[in-house]
Trainee: 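Quick one: the structure is below, questions incoming.
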Amino acid sequence: GINIVEGFGKGVQVQGLSSEYTLILVDGEPLIGRTGGVLDLSRISVRNIRKIEIVKGPSSSLYGSEAMGGVINIITDGAGLNKTDVGLRYGRFNTLDGTVNFSRRFNKTDVTASFNYNKSEGYSLKPNQAQKTVEPFWKMVQQVSINHQFNDKWKLGSGFRRNVTYIDNTIQVSNQGVSILSKGFERNDEFNLTPYLQYKSGKIKTTLRGYITGFESVQLLNVKGSTGTYNDKFNQLFSRVENQTDWQIREQSSLTLGAGHVDESVASNRYDSMSTNRKNSISYFFAQHEEQLSKQLTLIGGFRFDANRAYASVWSPKIAFQYKPSGKLK
């Protein structure tokens, strides 16, 4: 039920729905910067991925309308292990991949940092063709997280991630039998900041977290034989503050409650002047209850309400059953 699709980068479809309905998370926080609904997977470094969790089917009651197809959560290496890893790989087409991962625990403070640099001169599967199959590129990803455990109940932390990608573009098009060559570049710059404060006591855990992320893209093409250039700029800023409370009522029953507020702005010269920012804000709350009625039968019910300034407010209810008649069938 999962397909990788081409178009404005490599996107992912879940259960046949378009890429715009698959929510991509890194450590539980959403990535922004979609083009034509596609979030390019090549922006994500695979060097420090610990595991990937996939939820198929509608999860909009917790995550919003982007999660109608499903949710993919990419979890990176966590803190708490004292280790240092250094790796260097070199291959054909001047392909270079270097990585440094660092993790240390100082008393009650965990520090994790990683750096990855990846470059290639590109290659072509068709000889003597101006437009390469993979264009020359370089990519640099930096990630830092700090977590401090005050005591058995309180925990404070923050993470920061930055990803910069540069691609040399050569596009060959045919106009009335004449081949026209366009040369230029594409540069993407992305950052994420994730502070949080967590309280846990007994069966209740509540987390107040903030999330600020920005994505900036510039694409420039000089068309041979033309006096003009193609200049495409895109800038998106997304900020969110949210509180989520989880209550483990008993072993077979759990309740999740939460509320938050989102501010978002987008500027692009594709549609208007870069000086004109399109802004939107959303306030929301959600609840979900999971009950294991028996060893075979589990029930999940929930809802979400989004008060959207630019669009109509909407309720997103959800109900799901899971029945497992045996260990091999569900």
Side-chain angles (χ1 to χ4, degrees), residues 1-78 112 114 116 141 143 145 159 161 163 190 192 194 196 205 207 209 211 213 215 238 240 242 244 246 248 254 256 258 260 284 286-292 296-304 306 316-330:
I2 297 177
N3 296 312
I4 303 299
V5 294
E6 295 283 354
F8 301 106
K10 292 185 181 294
V12 58
Q13 289 182 335
V14 177
Q15 295 189 327
L17 288 177
S18 172
S19 298
E20 61 188 299
Y21 298 119
T22 301
L23 182 63
I24 308 293
L25 309 174
V26 173
D27 293 327
E29 302 294 351
L31 293 180
I32 63 171
R34 294 175 180 264
T35 303
V38 176
L39 196 147
D40 189 5
L41 296 178
S42 66
R43 286 167 43 192
I44 303 170
S45 172
V46 301
R47 278 302 186 180
N48 62 339
I49 293 178
R50 179 163 54 94
K51 65 177 179 178
I52 299 175
E53 295 178 343
I54 299 174
V55 179
K56 296 182 182 178
S59 299
S60 52
S61 61
L62 287 182
Y63 294 103
S65 60
E66 275 187 288
M68 290 175 61
V71 178
I72 298 177
N73 187 18
I74 298 168
I75 301 173
T76 60
D77 287 332
T112 300
S114 66
N116 176 246
V141 181
Q143 189 164 327
S145 67
R161 172 179 172 270
N163 179 11
E190 171 192 11
N192 318 109
T194 54
Y196 73 90
K205 180 178 74 173
T207 305
R209 51 181 169 243
Y211 181 53
T213 180
F215 178 79
F238 177 99
R240 181 185 67 191
E242 177 184 273
Q244 179 175 322
D246 301 294
Q248 191 70 40
S254 63
T256 299
Y284 61 90
F286 58 88
Q288 179 171 290
H289 179 72
E290 181 172 342
E291 185 78 27
Q292 187 174 352
Q296 291 81 28
L297 182 61
T298 302
L299 165 68
I300 296 179
F303 66 87
R304 179 187 175 104
D306 288 277
S316 302
K318 171 184 178 178
I319 186 168
F321 294 91
Q322 179 176 264
Y323 182 69
K324 296 192 289 186
S326 69
K328 296 183 179 180
L329 181 65
K330 66 179 179 180

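Everything quoted here is computed from the prediction, not taken from an experiment.
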Trainee: Would you check if Ser316 and Phe286 make a side-chain contact, meaning some heavy-atom pair closer than 4.5 Å?
Mentor: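 Heavy-atom side-chain distance check fails, nothing below 4.5 Å.
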Trainee: At what distance, to the nearest 0.5 angstrom, does CG of Leu297 lie from CD of Gln322?
Mentor: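 With rounding to 0.5 Å, CG (Leu297) is 9.0 Å from CD (Gln322).
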Trainee: side-chain contact (heavy atoms from CB on, under 4.5 Å) with Thr194: which of Glu29, Arg240, Arg209?
Mentor: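 Testing each of Glu29, Arg240, Arg209 against Thr194, the sole residue satisfying side-chain contact (heavy atoms from CB on, under 4.5 Å) is Glu29.
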Trainee: So, taking the atom named OG1 in Thr22 and the one named CG in Leu39, what distance separates them when rounded to the nearest 0.5 Å?
Mentor: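 So the OG1 of Thr22 and the CG of Leu39 are separated by 10.5 Å.
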Trainee: Considering all heavy atoms of both residues, which atom of Val14 and which atom of Gly69 are nearest to each other, and what is their separation?
Mentor: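 For Val14 versus Gly69, the nearest heavy atoms are CG1-O, 3.3 Å.
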Trainee: Sort out for me which residue in Arg50, Lys56, Lys51 forms a salt bridge (charged side-chain N to carboxylate O under 4.0 Å, His left out) with Glu53.
Mentor: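 Of Arg50, Lys56, Lys51, salt bridge (charged side-chain N to carboxylate O under 4.0 Å, His left out) with Glu53 is met by Lys51 alone.
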Trainee: Just how far is it from atom CD1 of Ile32 to atom OH of Tyr211, taken to the nearest 0.5 Å?
Mentor: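 Result: 6.5 Å between the selected atoms.
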Trainee: Say you draw a straight line from NZ of Lys205 to OG1 of Thr256; how long is it, rounded to the nearest 0.5 Å?
Mentor: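 Here the rounded value is 9.0 Å.
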Trainee: Return the minimal non-hydrogen interatomic distance between Val5 and Ser19, and the atom names on each side.
Mentor: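 Looks like CG2-OG, 3.3 Å.
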Trainee: At their closest point, which heavy atom of Gln13 faces which heavy atom of Ser18, and how far apart are they?
Mentor: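 It is NE2-CA, 4.0 Å.
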Trainee: Could you report the tightest heavy-atom contact between Phe215 and Gly33, atom names first, then the distance?
Mentor: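 In this case the closest contact between Phe215 and Gly33 is CD2-CA, 3.4 Å.
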Trainee: Is there a side-chain contact between Ile75 and Asp27 (heavy atoms, below 4.5 Å)?
Mentor: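 A side-chain contact under 4.5 Å exists here.
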Trainee: I want to check something: taking the side chain as every heavy atom from C-beta on, are Ile72 and Ile52 in contact at a cut-off of under 4.5 Å?
Mentor: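 Result yes, sub-4.5 Å side-chain heavy-atom pair found.
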Trainee: To the nearest 0.5 Å, tell me how far Ile44 CD1 sits from Ile74 CD1.
Mentor: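 So the gap between those two atoms works out to 3.5 Å.
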Trainee: Measure the spacing between CD of Glu242 and OG1 of Thr207 and express it to the nearest 0.5 Å.
Mentor: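 It is 9.5 Å, given to the nearest 0.5 Å.
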Trainee: Between Asn73 and Gly28, what is the shortest heavy-atom contact and its length?
Mentor: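 Between these two residues, the closest heavy atoms are OD1-N, 2.9 Å.
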Trainee: Any non-hydrogen side-chain atom of Arg161 less than 4.5 Å from a side-chain atom of Glu190?
Mentor: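 Side chain of Arg161 against side chain of Glu190, heavy atoms only: contact under 4.5 Å found.
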Trainee: Testing the basics here: between Phe321 and Leu299, what is the closest heavy-atom pair and its distance to 0.1 Å?
Mentor: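 Distance-wise, the nearest heavy atoms are CE2-CD1, 3.4 Å.
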Trainee: Is a side-chain donor-acceptor pair under 3.5 Å present for Gln143 with Thr76?
Mentor: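 Result is yes, a qualifying pair exists.
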